[in-house]
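Inspection log for the structure reproduced underneath, given as structure tokens.
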Amino acid sequence: SQTIHQWPATLVQPVGSPLSLECTVEGTSNPNLYWYRQAAGRGLQLLFYSIGIDQISSEVPQNLSASRPQDRQFILSSKKLLLSDSGFYLCAWSSGQIFTDTQYFGPGTRLTVL
Amino acid sequence: AQSVTQLGSHLSVSEGALVLLRCNYSSSVPPYLFWYVQYPNQGLQLLLKYTTGATLVKGINGFEAEFKKSETSFHLTKPSAHMSDAAEYFCAVRSEYGNKLVFGAGTILRVKS
């Protein structure tokens, strides 16, 4: 069966520090991968999606970036965090046609920027 | 552009009562519709989805939703609430011709004993 992992589970970082969140998927190959951010009291905002290695699309301009160095690894990064980057970050995967098939979500990373 | 409106950010029901979570969408083409549930500090879990075919869709944990094209709605229901249903529920839409899954703002369900 397929599983999706995210780490760390929680993170507290000062403003201006770098960020690296990791997501890995097991039990499937060539998945579509997604990064979402969930701010308090708001819905999910799609940040990035990827249909393959080094194929990443950005949905919103911001100081975040994403990379997919391996088929089942998706990394969210920032060089300098802002207060507004605080939130709950969710990674998801799907198979088949992107955005059509069911997305399966990881447990999330709660980021607090102070 | 597609959009999703969930009526009510919070809903409180008694254990055993009907659960009705409302979702209205906008889409210029036939939509794909999803309901997800999120328990505290966890990721989202798919409850059910509608793509084509039967408009009444049954999901996990006794939930079901009905796609009504004329009303552009996809409301989620459960006949009898359990304490374990307390969570946040998200409706989402993906247009066949779009390239995004758009989520509503979510509705937090509280179940009272």
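Just so it is clear: chains get the letters A, B, ... in the order the sequence lines come, proteins before strands, and each one is counted from 1. Just so it is clear, the structure is predicted and the values come from calculations on it, not from any experiment. Values below: every heavy atom of this structure, side chains too, minus hydrogens, waters and symmetry copies.
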Engaged part of A:Leu44 at the chain B interface, taking heavy atoms whose separation is under 4.5 Å =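 Both backbone and side chain of A:Leu44 come within 4.5 Å of chain B.
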Checking heavy atoms, do the side chain of A:Gln45, its backbone, both or neither come under 4.5 Å from chain B?
->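 Neither part; nothing is under 4.5 Å.
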Heavy-atom distances under 4.5 Å only: say whether B:Gln38 touches chain A with side chain, backbone, both or neither.
-> side chain
Side chain, backbone, both or neither of B:Leu46 within contact of chain A (heavy atoms, under 4.5 Å) = side chain
Does A:Arg110 make a cation-pi contact with A:Phe88, if we ask for NZ or CZ under 6.0 Å from the ring centre and within 45° of the axis?
-> yes
Give me the ring orientation class for B:Phe90 and B:Phe103: parallel if the planes are under 30° apart, tilted from 30 to 60°, perpendicular past 60°.
-> perpendicular
Are side-chain N/O atoms of A:Glu22 and A:Gln73 paired as donor and acceptor at under 3.5 Å?
-> yes
Between the main-chain N or O of A:Asn30 and the side-chain N or O of A:Asp71, is there a donor-acceptor pair closer than 3.5 Å?
-> yes
